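None of these values were measured; they are calculated from a predicted model. Numbers here simply count residues along the sequence, with the first being 1. Read the numbers this way: they start at 1 and go in the same order the structure lists the ligands and their atoms.
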Amino acid sequence: MGFGEVLGFGRIPLRNGFGLSARPVVARRRSSLQLRLTLTEEEAAAPTPETPRSSGPSIASLFPERFRPFLNVLDDGSLSVVDIPAFNARRTKIVCTIGPVTASYEQLLKMAALGMNVVRLNMSHGDYVFHDRVIGHVRRINTESPFVLATMLDIGSFDQVRLGEFPGKDLVLNAGDQLTITARHEASYPENVTEVSDDAFMDVVQRGDVIEVRGNLDGSVVLLRIQEICNGGKDARCVAMEAGRIRSRAPIAIRGKSFKSSLPQSGAFEHDLEFAIRERVEMVALSFVERAEQIMEVKAQLRQNGASNTAVVAKIESAAALEHLPGIVQEADAIMIARGDLGTDIRYDMVPFWQQKISQICRVYAKPCIVSTHFLESMVLYPTPTRAEVTDIAEAVKQQVDALMLTSETASGKYPLRALSLMSRVALRIESKLATGMNPSRQIPRFQTNNSWSPDVLRSAERVCVTACAISEQLEAAAILCFTQRGFMATLLSRCRPGCPIYAFTSSVMARNKMSMLYGVRPFRILFDGDPEVTVQRAMDELRDRKALRPGDRVVVVADVLGGRNRATEEEMLLVFGSLDRENRGHISRALVRRGLRELGLKAADDVELETWLDDYDQDQALIEECTIAPNYDECMEQVAGGIEGNNSEQAPVLDSAKTRARRRMLDQVDYAAFRQLVQDSAEIVQTIQFRVME
Ligand SMILES: Nc1ncnc2c1ncn2[C@@H]1O[C@H](COP(=O)(O)OP(=O)(O)OP(=O)(O)O)[C@@H](O)[C@H]1O
Ligand SMILES: CC(=O)C(=O)O
């Protein structure tokens, strides 16, 4: 069985200097955009097969026996109704927040089987040891199972003001009970006194203000009215306006005042970001983003630490963010509509409007959109949802957002697996209705971008994707296959929301995992061959072997081929190299070379590209995944251990530290002569759309 979606066997060369293996490529065509549609008249006229295509076997049957018994068992011991979703059955992805009830390897594996695509870890809760352990389990699942998970680290509510701890149990209040919120900083407090996480809160509150306390298990908001500011301005004496239950570290807001904590300076944010970089998570989510510049700063920090592959998800959860939406969406790699906080910062009745508007803007800029919070809030306590909750899921699915996110339901609720299974089932049901024409509008919004690639390359890539989707609909293709290094082509295809699944193939573990967030995309890792035809054939064979596609199925393939010849003049090469050099203060890494090539409208052979931009971490991960499926596992792991500098063989799967990697990256500096050589060995990018029939 193909564990971890690795297709093809072979070796990714470890850390060769790219100069060694760069080889001239044979020019094939001259145009920089070419549609290759190899469809005969008979094929075009052929009727659609009468028997409807099955969506493939249940994944359970691909799983080793020992895993199967617990894969589809729900919280109460019953079996999941949906079983394990078949290949790419659901287009809308699901993000689950992981907390104490779901943090074990077994729970995570069950959730992967039930359709979880992205694991969210909220840094406001749990400690680094907790999060590190969960990330370890996720990596293991990606390596040992057929499921693909991405990890998103929510870099906590650094703007969130919280109450203190209530040791042992929740604080239960009746209407009229008193609670004092203080900034006294004492070692411990009586039961009806709690410390606020940010002293600045005391400067803002006044007598008569209403404090909203959120984060309660039953989803309720507890309201406290301030009766008196006392103790030299350090205490706010409040009274509960109605009965309620308050949890430790519950987030609070002052009604009508857009108060944000000054905690980013406290260092917690920096530590969380360092942790994200060290752990190589696929995504970091930034709370309370208000301007595009905040995202740029974080991206710069990621870049400086060799983690530019990490995607930045901007959480839209304040009125201020809504004022700067297009800028934020353009700068971020993905958007999360954090309805919990957004709903306290703006009027409740405006949340649905903004949900729709934000998801539309994301489609324009080809940025994945996640809608979060309160989807199945009642399932935190009860095994069945309310009908209104089911309708909320249905509405988001109809809007064709990329992903839906569960929070307390899976972090601390009583029925995490049921909630996930139910969300998956509702999404599947609504999607099947969309496919039968419930959603008449299939218009693709005009694409806009501020991406640094050359506009010509981008425009042609986007047109190719729109055309490929249109062809797939006209020809009733069973799937679109796409070959992509970092997932950009898959994002452009996903943006068009075609009616068939998109199977996206990449050589990078990180890119594969990140693509698991994209609507309708099923990501795989494949070893790219220097000859694109070999790569396409490898992917087709594998899809057939996995019964994801059947003989006779029509597929549309979107792939680069190497065409034309190098047209870059010495002057152009110097210009591009010079601008990369200036921007990166003399540090041109192997990964940056790829950008230089793009700017020149050029592309190296796929295997050479792979070497020039995959970082060591990705290569190490790839090798570990390959070892898992290799027949000579031990031998393979020994080689990995030998290849990973600084690790002894026992620790081989534990990847080397960020520092070691950073040092290696320094050694990988590229000079102009090496850059020039690579440019000369490259060719023009020729994007093709090919029509094929599975043999
Ligand atoms: N790692 C964790 N450890 C313990 N409890 C957790 C953890 N992650 C989440 N939880 C619990 O699940 C609840 C819901 O998670 P969520 O991430 O939505 O937290 P929140 O505090 O409401 O959100 P935010 O911090 O984003 O405003 C939390 O209030 C917390 O009680
Ligand atoms: C997820 C989150 O942070 C919110 O809904 O506020």
The atoms of ligand 1 lying under 4.0 Å from a heavy atom of A411, numbered in the order shown, are 9 (C), 10 (N), 12 (O)

For S104 against H137, the heavy-atom pair lying closest together
C-CD2, 3.9 Å

Which of the numbered atoms in ligand 2 are below 4.0 angstrom from a heavy atom of E317?
3 (O), 6 (O)

Min N/O separation S408 to ligand 1 under 3.5 Å:
no

K315/D154 salt bridge by N-O under 4.0 Å criterion
yes

Taking only heavy atoms of T407 into account, list the atoms of ligand 1 that are under 4.0 Å away from them.
18 (O)

Non-hydrogen atoms of A419 and L376 that approach each other most closely
O-CD1, 3.3 Å

Can you tell me if E186 has over 12 outside heavy atoms packed within less than 6.0 Å of its CD?
yes

Carboxylate-amine/guanidinium proximity below 4.0 Å for D333 and K299:
yes

Could you check whether atom CZ of R429 has more than 12 heavy atoms from other residues, nucleotides or ligands sitting under 6.0 Å from it?
no

Check this for me - ligand 2, M336, N or O atoms closer than 3.5 angstrom, yes or no?
no

With heavy-atom distances below 4.0 Å as the criterion, list the atoms of ligand 1 near T97.
17 (O)

For atom 4 (C) of ligand 1, state which one of P100, A285, G99 supplies the nearest heavy atom.
P100

Closer than 4.0 Å to some heavy atom of F130 - which atoms of ligand 1 meet that?
1 (N)

Which of the numbered atoms in ligand 1 are under 4.0 angstrom from any heavy atom belonging to R120?
16 (P), 17 (O), 18 (O), 26 (O)

Check E317 against ligand 1 and report side chain, backbone, both or neither, counting heavy atoms closer than 4.0 Å.
neither

If you measure from the Lys or Arg side-chain nitrogens to the Asp or Glu carboxylate oxygens, is any gap between R339 and E377 under 4.0 Å?
no

Under 4.0 Å to a heavy atom of S124 - the qualifying atoms of ligand 1, by number
25 (O)

Does N122 reach ligand 1 with a nitrogen or oxygen that is under 3.5 Å from one of the ligand's nitrogen or oxygen atoms?
yes

Could you tell me whether T373 and ligand 2 have an N or O pair separated by under 3.5 Å?
yes

On the six-membered ring of Y519, is R497 placed so that its NZ or CZ lies under 6.0 angstrom from the centre and within 45° of the ring axis?
yes

What atoms in ligand 1 come closer than 4.0 Å to a heavy atom of K315?
26 (O)

Taking 4.0 angstrom as the limit and counting only heavy atoms of D341, give me the atoms of ligand 1 inside it, by number and element.
27 (O)

Regarding Q355 and Q399, is there a side-chain donor-to-acceptor distance under 3.5 Å anywhere?
yes

Quick look: T373 vs ligand 1, heavy-atom contacts under 4.0 Å, and the answer is neither

A side-chain contact here means heavy atoms from C-beta on lying under 4.5 Å apart; do E431 and T92 qualify?
yes

Closest non-hydrogen contact found for A236 with M202 is N-CE, 3.5 Å

Heavy atoms, side chains only, cut-off 4.5 Å: are K93 and D402 in contact?
no

Would you say R162 has any N or O atom under 3.5 Å from an N or O of ligand 1, going by distance alone?
yes

Cation-pi check for F166 against R247: NZ or CZ below 6.0 Å from the six-membered ring centre and within 45 degrees of the axis, yes or no?
no

One finds that the ligand 2 atoms under 4.0 Å from a non-hydrogen atom of G340 are 4 (C), 5 (O), 6 (O)

Among V95, D341, L406, whose heavy atom sits nearest atom 6 (O) of ligand 2?
D341

Examine the proximity of ligand 2 to K315 and report which part, side chain or backbone, both or neither, has a heavy atom under 4.0 Å away.
side chain

Among the heavy atoms of G340, does any lie under 4.0 Å from an atom of ligand 1?
no

Compute the shortest N/O to N/O distance between R247 and ligand 1 and return yes if it is under 3.5 Å, no if not.
yes

List the residues meeting ring pair (Phe, Tyr, Trp, His ring centres under 6.0 Å) with Y128, not counting sequence neighbours, and say none if there are none.
F275

Closest to atom 4 (C) of ligand 2 by heavy-atom distance, out of S287, G343, A338, is A338

